[in-house]
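Before any comments, here is the structure.
FYI, side chains are in, hydrogens and waters are out, and symmetry mates aren't considered; it's all heavy atoms of this structure.
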Amino acid sequence: MREDQLKEKLPVGWQDLEIKSFSKLPSTNDWTKKYLKENDTEVLVVAKEQTAGRGRSGRSFYSELDEGLYFSLGVKTPNISPTDLPLYTIATASAMMQAVEEELSLELEVKWVNDLFYHGRKVAGILTEGLTDPKTNTIDSLVIGLGLNLVGSFSKLDKKIETTAGTLYEDLPKNFSVENLLASFLKYFLSYHRNLTEKAFIPVYEEKLLGIQEDIYYIRKNRKYYAKIKGISHEGKLMIRNQENKIEELAAGEIHFSSQQFAKD
Ligand code: BTN
């Protein structure tokens with residue numbers, strides 16, 4: 001990734017975004033956290049490879065593909081509440097799906113909350129983390145990390161990942177430009193970030209949501225419940241119709257698709 005080339009393409013209103021590019025880092029999220037503690041500027045950190053990529057729930061995120069895009073955005077969010085964090089994950093997912101469509105003409109789908117899919121396989125994951133100001137004890141900035149699998153194989157990994165993860169391409173197209181993809185992503189993300197309360201990303205996300213009207217199950221207090229997905233609430237929660245035919249909202253935890261199509265969950 002060429003820092004100077006991306007700098008030229010930054011959206012109006014974010015030309016002061018700091019851009020850092022590395023061939024290899026342990027984790028762009030960890031690098032960004034440290035940067036935000038020491039600097040007042042917002043930053044985009046991109047790496048071609050990560051040696052300690054982190055996923056949600058303490059899992060690791062495989063980041064050593066032949067071609068991968070691993071990046072973190074460090075943004076200042078002085079007025080945010082912890083319940084807004086999932087909204088940033090949703091805004092990020094929406095912005096990346098729009099950028100992939102605009103720049104690569106590929107249509108992605110999303111599995112609530114943070115997984116992007118292409119042809120039934122997970123091709124990207126998002127990890128949003130809040131940083132707390134020790135003086136005020138409130139979240140004052142966010143690190144939003146996204147890993148996008150472009151080209152390569154997962155055959156070195158265990159069978160479960162090999163059959164669920166995918167890449168966008170077998171070979172990178174000649175005209176592929178990581179700078180154009182990121183510039184497009186930043187354009188969409190910035191409008192969502194600056195106008196968070198408008199929540200314009202909710203309908204974008206819902207349109208691409210996997211499993212609408214599909215049967216799912218979720219685990220709560222060690223019990224398994226079956227439900228159907230209805231959509232996304234304004235707070236970014238998953239709306240489901242439970243077995244008593246009532247609408248409920250799921251805030252955290254993981255859903256599982258029951259149908260065959262998504263059995264590779
Ligand atoms: C998940 O699928 O559980 C989330 C994966 C998030 C991975 C990205 S890659 C860039 C950034 N740096 C990390 O260590 N993790 C995120």
Query - Side-chain donor-acceptor contact under 3.5 Å, Tyr35 with Thr41 - result: yes
**Report entry** Cationic N near anionic O, under 4.0 Å, Glu109 to Lys122
**Finding:** no
Requested in this report: Tell me yes or no: between the side chains of Lys156 and Tyr62, is some donor less than 3.5 Å from an acceptor?
Outcome: yes
**Report entry** Distance in Å, Leu238 CG paired with Lys111 NZ, rounded so as to fall on 0.5 Å steps
**Finding:** 10.5 Å
Requested in this report: Check Val123, Leu148, Thr167, Asn149 against Tyr118 for a side-chain contact (heavy atoms from CB on, under 4.5 Å) and give me the one that passes.
Outcome: Val123
Query raised in the report: Quick one: does Arg241's side chain have a donor or acceptor within less than 3.5 Å of a partner on Ile247's backbone?
Result: no
Query raised in the report: How about Tyr205 and Trp112: are their ring centres within less than 6.0 Å of each other?
Result: no
Query raised in the report: Does the side chain of Thr128 pick up a donor-acceptor pair with the side chain of Thr89 at under 3.5 Å?
Result: yes
Requested in this report: Could you tell me whether Lys34 atom NZ has more than 12 heavy atoms of other residues or ligands within 6.0 Å of it?
Outcome: no
Query raised in the report: Would you say the side chain of Glu129 lies within less than 4.5 Å of the side chain of Lys33, judging by non-hydrogen atoms?
Result: yes
Query raised in the report: Just wondering, are more than 12 heavy atoms of other shown residues or ligands nearer than 6.0 Å to CG in Asp4?
Result: yes
Query raised in the report: Between Glu214 and Lys228, is a salt bridge (charged side-chain N to carboxylate O under 4.0 Å, His left out) present by the stated rule, with each step listed?
Result: CA-CA 5 Å; Glu214 295 275 345; Lys228 263 192 200 317; over 6 Å; no
Report task. Hey, could you give me the OG/CG distance between Ser72 and Leu25, rounded to the nearest 0.5 Å? Result -> 9.0 Å
Query raised in the report: Between Thr28 and Val46, is there a donor-acceptor pair closer than 3.5 Å when you use the side chain of the first and the backbone of the second?
Result: no
Query raised in the report: Can you list the steps and then say if Glu3 with Lys7 is a salt bridge (charged side-chain N to carboxylate O under 4.0 Å, His left out)?
Result: CA-CA 6 Å; Glu3 290 172 8; Lys7 265 268 173 223; over 6 Å; no
Report task. First locate atom CD1 of Ile19, then atom CD of Gln5, and finally report the distance between them rounded to the nearest 0.5 Å. Result -> 12.5 Å
Query raised in the report: CG/Leu146 to CG/Leu73 distance, rounded to the nearest 0.5 angstrom?
Result: 9.5 Å
Query raised in the report: Under 3.5 Å, is there a donor-acceptor pair between the side chain of Asn137 and the main chain of Pro134?
Result: no
Query raised in the report: Should we say atom CZ of Arg194 is surrounded by more than 12 heavy atoms from elsewhere, each under 6.0 Å from it?
Result: yes
Query raised in the report: Do Thr83 and Glu235 come close enough that some side-chain heavy atom pair is under 4.5 Å?
Result: no
Query raised in the report: Under 3.5 Å, is there a donor-acceptor pair between the side chain of Glu206 and the main chain of Ile232?
Result: yes
Query - Single hit among Phe185, Tyr88, Tyr188 for ring pair (Phe, Tyr, Trp, His ring centres under 6.0 Å) with His193 - result: Tyr88
**Report entry** Gap separating the CD atom of Glu102 from the CG atom of Leu181, nearest 0.5 angstrom
**Finding:** 10.0 Å
Report summary line: Output for pair (Glu249 CD, Lys230 NZ), nearest 0.5 Å, gives 13.5 Å
Query raised in the report: Between Tyr226 and Tyr218, is the gap from one ring center to the other below 6.0 Å?
Result: no
Query raised in the report: Is there a side chain to side chain contact (heavy atoms under 4.5 Å, CB included) between Ser94 and Tyr192 once you walk through the steps?
Result: CA-CA 9 Å; Ser94 305; Tyr192 297 147; 4.1 Å; yes
